[in-house]
Amino acid sequence: MIQEKLTILRENNVINDSVYDYAQEVLKFMKAQNIISNEDEADTFITHLVMATARQYTEETINSVDQMINEQIKADQKYDEALNYWNKIAALAPVSFRENEAEYFHLHLVTLLNH
């Protein structure tokens with residue numbers, strides 16, 4: 001499912017080849033690190049990741065995660081692990097992410113690591 005979605009996004013020029021390749025790299029990383037056991041488990045994360053990456057090219061901005069939710073994420077026992085993974089995933093990116101985008105990835109990763 002996620003592969004089909006990525007192909008459609010690329011074919012319709014919503015994402016470019018660089019973003020598509022980044023998504024493939026992140027999927028491999030997440031499987032190698034046992035964050036996910038199959039690609040579809042990361043569907044929401046990867047969809048958000050490619051759209052956020054595309055936004056970095058257009059300088060479109062989004063609102064930050066709600067402060068109360070962000071505090072809950074930071075208090076989660078998996079937060080440090082999620083932050084470590086996020087730093088590695090962000091290092092693979094063809095662009096730098098604004099902090100408000102990164103907050104959503106912390107949320108996604110904490111959720112994935114708790115399941």
Rounded to the nearest 0.5 Å, how far apart are [atom1] of [X] and [atom2] of [Y]?
{"X": "M30", "Y": "F45", "atom1": "CE", "atom2": "CZ", "result": "4.5 Å"}
{"X": "I46", "Y": "M51", "atom1": "CD1", "atom2": "CE", "result": "13.5 Å"}
{"X": "Q56", "Y": "T61", "atom1": "CD", "atom2": "OG1", "result": "9.5 Å"}
{"X": "W86", "Y": "L109", "atom1": "CH2", "atom2": "CG", "result": "7.5 Å"}
{"X": "M1", "Y": "D43", "atom1": "CE", "atom2": "CG", "result": "6.5 Å"}
{"X": "E60", "Y": "E101", "atom1": "CD", "atom2": "CD", "result": "8.5 Å"}

Just wondering, are more than 12 heavy atoms of other shown residues or ligands nearer than 6.0 Å to CD in E99? yes

Side chains of residues 73-81: which donor-acceptor partners sit under 3.5 Å, not counting sequence neighbours?
residue	atom	partner	partner atom	Å
D76	OD1	K78	N	2.7
D76	OD1	N114	ND2	3.2
D76	OD2	N114	ND2	3.2

How would you list, by chain and number, every residue that makes a ring pair (Phe, Tyr, Trp, His ring centres under 6.0 Å) with Y104, sequence neighbours excluded? H48

Do I35 and L83 sit in one hydrophobic cluster, given that two such residues count as connected whenever their side-chain heavy atoms are within less than 4.5 Å of each other, even indirectly? no

Let me check something: do I62 and V95 share a hydrophobic cluster, defined by ILVMFWY side-chain heavy atoms less than 4.5 Å apart, either directly or through other members? no

Test your reading of the model: is there a side-chain donor-acceptor pair from T47 to the backbone of T44, 3.5 Å cut-off? no

Nearest heavy-atom pair of I89 and Y22: which atoms, and what distance? O-OH, 2.8 Å

Sequence neighbours excluded, the answer for side-chain hydrogen bond (donor to acceptor under 3.5 Å, both in side chains) partners of S37 is E41

Scan the side chains in residues 9-16 for donor-acceptor partners under 3.5 Å anywhere in the protein, sequence neighbours excluded, and list what turns up.
residue	atom	partner	partner atom	Å
N12	ND2	I8	O	2.8
N16	OD1	S18	N	3.0
N16	OD1	V19	N	2.8

Partner residues of Q3 under the side-chain contact (heavy atoms from CB on, under 4.5 Å) criterion, sequence neighbours left out: L6, Y20, Q24, L27, E39

If you look only at distance, which donor and acceptor atoms sit under 3.5 Å apart when one is on a side chain in residues 63-70 and the other is two or more places apart or in another chain?
residue	atom	partner	partner atom	Å
D66	OD2	M68	N	3.0
D66	OD2	I69	N	3.4
Q67	NE2	E71	OE2	3.2

Show, in sequence, the C-alpha distance, side-chain angles and deciding distance for F105 and F97, and conclude whether the ring pair (Phe, Tyr, Trp, His ring centres under 6.0 Å) test is met. CA-CA 10 Å; F105 296 115; F97 292 95; 5.7 Å; yes

